[in-house]
Amino acid sequence: MAGTNLSRANGSGSATTKFTLSLWLKRGITDTGRIFSATGGSGDVYFRFNAGGFIEWSGHASNASSAGYFITNRVFRDYNAWYHFVIRFDSTQGSATDRLRFYVNGVQETSFSSYTNVNQNATDNISLSTNTHYWGGAASSQYFDGSMSHIHYTVGYDYGPDSFGSTDATTGEWKINATPSVTYGSNGYFILKDGATLTDSSPNSNNFAVANGTLTSTKDCPSNVYATWNVLNRNISTGIQSGGVANGNTYLATLASNGTYSFGSTLALKGTGKFYMEFKVSQTGTYMGVGIAETDALTTMLNAGAVAKFSDNAKGWSYKHTGYKENGGSQATYGATYTANDYIGLAYNNGTIWFSKNGTWQNSATISEINAGTTTNSAFTGLDTSKDYFIMFDGYNDSMIEMNAGNGWFRTTEISSPNNPTSGDTGAKFKYTVPTGYQPLSTKGLNE
């Protein structure tokens, strides 16, 4: 949502002693940015990430009483998972600590660097008719970078997180309740039910509109997370251009400076699985390559903090833009060269890797061979199937790449006639034919 926000002007409303905000979100790279704002002629209520990745809430009272304020001690820098946040406001509570509560994935946050209590029976201006609600920023600034889904706002009612989610009895993970039974009040709403619908899904008709930017949908959602580039999973702390991570962290651009930078994915594929994904090359730089690396080897590289290609490591395997393949710093002839606007496919099957360019499998490999796992014309074989592997990219001098792990987009361009996996996570969307039985790199695909 970077540069994009949604808005709705309150047609009616008054200051309230009770309300609930519930939403799911997945972060991009930017540390600062407003998740929610209620601004207008009567103050400014906001909920945001501030510098360093802390969460800050500021209510706004309609009288001299405090409407609450906090900054968390905890930082929120997980760029893979979807967070579930709930703000629960009820100033009628006798205990001051129960008047403003913040929950993360079903657990109440209790550690704050700053916390101002809500005065008993104080009213907040969040729902006044003079205010406009913005999701994803302020009126035209302080944009949130990332994705949002299932936004609920109830007025006159405060609900705990268990109304909107529950703990999975098998995995222990906090999971979404997509159809909660709550009362919204006349000014409440439920938007982004599928990640893109601005029509209010509550009994009201409090629809939103795009205020700035362009809203795009994605298959990545709280119930099925897709791999993206992980800005924390890289060999050195620098290497990214300003604005060089975007579009839900599916786009990555390296610096135009001397040095080779390696970046990994948020999710790792299983060594015993069958996986497929695609990349669009935006721009090639010296030594550019895509491939995979053993998670243990990447950890060694990260700890060393060295400027190096991931395929310099004996546990890194890459298809270079020069057409060569590389492992352990040793290159060999393999396939065609590739450049800007070319699409690279990667198929992995139980320790064997193939690559394609614009839908053509390299080294004379065929889709039938890949379906069967025949290793004859593969790029690499014999990888340790007891290990896990990150998807990797290395770049030097303005290398740019876009990842589609199955969410159906290359930056802001949606795949118009998608190909889907034949089994498992069949909702994943790819540009080219997916080998039979291969999965996207998603939480659902990993569990097949």
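Values reported hereafter were calculated over all heavy atoms of this structure, with side chains retained and with hydrogens, waters and symmetry mates removed.
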Between Thr20 and Tyr159, is there a donor-acceptor pair closer than 3.5 Å when you use the side chain of the first and the backbone of the second? yes

Can you pull the ring pair (Phe, Tyr, Trp, His ring centres under 6.0 Å) pairs that have at least one residue in residues 108-129, sequence neighbours excluded? Phe70-Phe112, Phe112-Tyr115

Can you list every pair that meets salt bridge (Lys or Arg N to Asp or Glu O under 4.0 Å) and has a residue in residues 10-26, with sequence neighbours left out? Lys26-Asp220

Got a sec, which residues hit side-chain hydrogen bond (donor to acceptor under 3.5 Å, both in side chains) with Thr443, two or more places apart in sequence or on another chain? Asn224

Under 3.5 Å, is there a donor on one side chain and an acceptor on the other for Arg99 and Gln93? no

Can you list everything that forms a side-chain hydrogen bond (donor to acceptor under 3.5 Å, both in side chains) with Asn447? Sequence neighbours excluded, please. none

Could you grab the distance from atom OG1 of Thr266 to atom CH2 of Trp229, nearest 0.5 Å is fine? 10.0 Å

Contacts of Thr167 meeting side-chain hydrogen bond (donor to acceptor under 3.5 Å, both in side chains) (sequence neighbours excluded), chain-then-number -> none

Report yes or no: is the cationic atom of Arg411 (NZ for Lys, CZ for Arg) closer than 6.0 Å to the six-membered ring centre of Tyr251, at no more than 45° off its axis? yes

Keeping to residues at least two apart or across chains, list the salt bridge (Lys or Arg N to Asp or Glu O under 4.0 Å) pairs with something in residues 83-93. Arg88-Asp158

Any pair with a residue in residues 420-431 that passes salt bridge (Lys or Arg N to Asp or Glu O under 4.0 Å), sequence neighbours left out, goes on the list, sorted by first then second residue, please. Glu414-Lys429

Those residues at least two apart in sequence (or on a different chain) that pass salt bridge (charged side-chain N to carboxylate O under 4.0 Å, His left out) with Arg74 are Glu109

Give a yes or no answer on whether the side chain of Asn230 reaches the backbone of Gly264 with a donor-acceptor pair at less than 3.5 Å. no

Quick test of your reading: applying salt bridge (Lys or Arg N to Asp or Glu O under 4.0 Å), list the pairs with at least one residue in residues 112-141, sequence neighbours left out, ordered by first then second residue. none

Got a sec, which pairs hit ring pair (Phe, Tyr, Trp, His ring centres under 6.0 Å) with one end in residues 418-448, sequence neighbours left out? Tyr276-Phe430

Which residues share a salt bridge (charged side-chain N to carboxylate O under 4.0 Å, His left out) with Arg48, sequence neighbours left out: Glu56

Residue pair Gln120 / Ser91, side-chain donor-acceptor N/O under 3.5 Å: no

All side chain to side chain contact (heavy atoms under 4.5 Å, CB included) counterparts of Thr250, not counting sequence neighbours: Thr228, Asn247, Asn407

